[in-house]
Amino acid sequence: MNIAALYEIRRKIQDYIMKYEYILKPAGKFLLSLVLLFIIKGDIGYNAILCNSLLLVIISLVCALVPVGFISAIIGLVILGHLYRLSLESAVMGAVVLLLIFLLYFRFSPRDVLLLLLTPLAIKLNIHYALPVAAGLLCAPTAAAPVAIGVLVTGFLEKITANEILLSGGGEVGRATLLKLRFLIDTMVQNHRMWVTALVFVLTTIIVYAIRRLAISNAWLLAIIAGTLAQVIGLTAGSSRFGARLDGAALFMGLMMSLLIEWAIMFMKFNVDYRLIESVQFEDDDYYYFVKAVPKVTVPGEDGLLPAGSLSETTADLKNQFVKHRPGGRKHQAGGRA
Amino acid sequence: MLNTEKIAVMTKAAIYEEKEGLQDDRIVSYFETDYLLKGLFGSLITYTVAFFVIFMLYAAYHFEDLVLLLYSDALTPFLWSALRIYLTCLVPFLLVTFLIYLVRYHQTREKVSSYRRMLETLADGNEEEKA
């Protein structure tokens, strides 16, 4: 397959998304929610009511209609529902974890909460190594937080699953309750693999972000390579430091698949920024305007246009990105940024 | 006859209004110091609640030791240690809050200025057309 065929595929994807964006967005949220709910059902499905497939479909339909932040809240409540069925102590610990996330992270009105939702899914598919690199390529450094939080939450739920027999059972609140709580705190604090992974992911995101913002050629490719190396070095060093077992084969396969995903992101991002497709309407004295604005993001040299900035850039750059074509075929660039 | 440059500027202004305009307007309605103080105060509240939650977890973990502590002379030093840890972690958290809110305020102010320049451009264009 040559590069021209890839560009053609990219253009077709762009046209398809433009045409069906109003369906694709809610459908995407529905599918993501449904998959997450079924993953939760498979891992910690202790509550029979919350394991009902029809109910999960209904919850996913609700998630399709609400903002992504609300989806994380709904998923959190479902998790608590399952943990409460297992034992009060698990539910209390789960509530504490979710409360701390809410207090310390959502405080800053995060826009990258989608990364938090994608982390458990990515871990299941062993492509979670792509997440910190994708976060560094597409978002601000603060996107490191949702990736790390996703790792911590997934690690917490894994420990719950691994020790469900020990944690299950009710009975009177007493010494057994304290022992279970102590056990849960120990599993969280002493889960070195989880903390090392979260820390490595944070550092990877920051490194990738710093490199891709450099004014050098192939900055994105260098950022991807640096991010991957940072993960290999960090995870290997962390595992040997704490004596945690590192599955080399799984790590290798995961990194290879993640590299493919990161390359795909790099290939698409330079040409399509789907988040910026906007439909607006307004009027002046003469006309009503129904406008669909699609950002034209191209590599330098294609039609003399410059790449538009990312969503994180200020709109002070908007005017600079508007390339004016003067009469006579000369193109004037009102400032810009490659 | 459509004025394509005018349409482009109007479109960008309309996109900004619809997406971020309202939120940005709320932010720049504050003076910079007031906005920063608002953020810091909110962070102080949430950090204090989070610290209390973590302290409760610690208390549950060391329940027996704490009960013994209540009847000993070591209670006051323990509380002072807790306060020291509270303040030690509070400072970097507030620093991070300060930086985030500062960057956010300046970026928002730039966006709002850019939007106002777009409106001025449109207003100038309208006057030219009428003339």
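Within every chain, numbering begins at 1; the chains are lettered A, B, ... in the order of the sequence lines, protein sequences first and strands thereafter.
- How far CG of A/L103 is from CD1 of B/I54: 9.5 Å, rounded to the nearest 0.5 Å.
- For a residue to count as touching a neighbouring chain, one of its non-hydrogen atoms must lie under 4.5 Å from one of that chain's; by this rule B/V53 touches chain A with the side chain only.
- Taking every heavy atom of both residues into account, B/A50 and A/L104 meet most closely at CB-CD2, 4.0 Å.
- Other residues, nucleotides and ligands contribute more than 12 heavy atoms inside 6.0 Å of the CZ atom of B/F93.
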Practice problem: Would you sort out whether B/Y61 and A/D186 count as a side chain to side chain contact (heavy atoms under 4.5 Å, CB included), showing the intermediate values? | Solution: CA-CA 9 Å; B/Y61 192 88; A/D186 276 337; 2.5 Å; yes
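- In this structure, B/Y30 places its OH atom where only 12 or fewer heavy-atom neighbours from other residues, nucleotides or ligands lie under 6.0 Å away.
- Counting heavy-atom neighbours within 6.0 Å of B/F63 CZ, excluding the residue itself, gives a total of 12 or less.
- Going from atom CE of B/M56 over to atom CG of A/L181 covers 12.5 Å, rounded to the nearest 0.5 Å.
- At a 4.5 Å heavy-atom cutoff, B/Y58 makes no contact with chain A through either its backbone or its side chain.
- Heavy-atom neighbours of B/Y86 OH from other residues, nucleotides or ligands within 6.0 Å: above the threshold of 12.
- Residue B/T11 touches chain A through both its backbone and its side chain, counting heavy-atom pairs closer than 4.5 Å.
- Between atom CG of residue B/L57 and atom CD1 of residue A/I185 there is a gap of 4.5 Å, rounded to the nearest 0.5 Å.
- Shown here is B/D124, whose CG atom has more than 12 heavy atoms of other residues, nucleotides or ligands within 6.0 Å.
- With chain A as partner, the option from B/A13, B/S113, B/G42 having the largest number of non-hydrogen pairs under 4.5 angstrom is B/G42.
- With a 4.5 Å cut-off on non-hydrogen atoms, B/S43 touches chain A through its backbone and its side chain both.
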